[in-house]
Amino acid sequence: MKTLIDEQELARGVARMAEEIRQRYGDQPLLVIGVLTGGLMLLCDLVRRLEMPLRLAVIRASSYRGEMQRGVLKLTEDSLPEVAGEHVLLVDDIFDTGHTLDALIRTMRERGATSVASAVLLEKSGTCQVEMKPDFRGFVIPDVFVVGYGLDYRDRFRNLPFVAILEPGDLES
Ligand code: XMP
């Protein structure tokens, strides 16, 4: 498996994002909502670097169902936290077509969030199909399928501490 972003680079990227978020919000209280399951690693590493008042929640949204092709977005509505009057920061693993975050942001606004921003570890270049872009992002990557640091292929590889490009030969083992 070919490493695309190693552990040290990931740590530097997350620290940079945390600093940008701190600068944007100052001491304003935040509701940080991690998007399961891929956003978990970034969520944990990011919030530990955010020295500001915040609350944590998670939400389940999936569009891939473990496959390498794009699928239909599924939002688990009953996992949505109360967001009315909150400054919400959504944390996800990757911005690909953008449909997942776009839908989540609309939902948070409809439910009365004071503001909604998004932070992603990765943004694929040239694949965006929506009008918005993430407010904070760690790295821009080419249009390749990646795993590790939360990202999976059929629920495998999430535990890799680095981000790697998944190639057909990697699926034989
Ligand atoms: P969209 O297209 O809605 O996709 O921006 C966001 C979600 O799709 C998944 N995704 C990937 N998962 N490797 C993965 O393991 C990838 O290269 C990849 N591209 C998109 C991911 O769940 C993300 O939250």
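Numbering of ligands and ligand atoms starts at 1, following listing order. Just so you know, these numbers come straight off a predicted model, no measurement behind them. Just so it is clear, the values below take in all heavy atoms, side chains as well, and ignore hydrogens, waters and symmetry mates.
For ligand 1, the polar-atom distance check finds no N/O of Y153 at less than 3.5 Å from any of the ligand's N/O atoms.
The main-chain N or O of S118 is found under 3.5 Å from a side-chain atom of D135 such that the two form a donor-acceptor pair. Judged by distance alone, with hydrogens and angles left aside, the side-chain atoms of K124 form no donor-acceptor pair with the main-chain N or O of T97 at under 3.5 Å. Checking side-chain atoms of T127 against main-chain N and O of D96 turns up a donor-acceptor pair under 3.5 Å.
Proximity to D92 (heavy-atom distance under 4.0 Å) selects the following atoms of ligand 1: 24 (O). The atoms of ligand 1 that sit less than 4.0 Å from any heavy atom of D93 are 21 (C), 22 (O), 23 (C), 24 (O). Ligand 1 places these atoms under 4.0 Å from at least one heavy atom of V144: 17 (O).
Residue V147 does not touch ligand 1, judged by heavy-atom distances below 4.0 Å.
For T3, the side-chain contact (heavy atoms from CB on, under 4.5 Å) test picks out D6, F162, with sequence neighbours left out.
Remark: R16 is not positioned above the aromatic ring of F136, lacking an NZ or CZ atom under 6.0 angstrom from the ring centre and at most 45 degrees off the axis.
Between atom 13 (N) of ligand 1 and the options D155, L151, I94, V146, the minimum heavy-atom separation is to V146. Selection from L36, L122, T100 by nearest heavy atom to atom 3 (O) of ligand 1 gives T100.
At a 4.0 Å cut-off, at least one heavy atom of K124 sits close enough to ligand 1 to count as contact. Under a 4.0 Å heavy-atom criterion, G98 is in contact with ligand 1.
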Review item, side-chain donor-acceptor pairs of residues 30-48, under 3.5 Å, at least two apart:
{"residue": "D45", "atom": "OD1", "partner": "R48", "partner atom": "NH2", "Å": "2.7"}
{"residue": "D45", "atom": "OD2", "partner": "Y149", "partner atom": "OH", "Å": "2.5"}
{"residue": "R48", "atom": "NE", "partner": "C44", "partner atom": "O", "Å": "3.0"}

Exercise for review: Evaluate the criterion salt bridge (charged side-chain N to carboxylate O under 4.0 Å, His left out) for residue pair K133 and D102; output intermediate values, then yes/no.
Suggested key: CA-CA 9 Å; K133 286 281 191 172; D102 190 48; over 6 Å; no

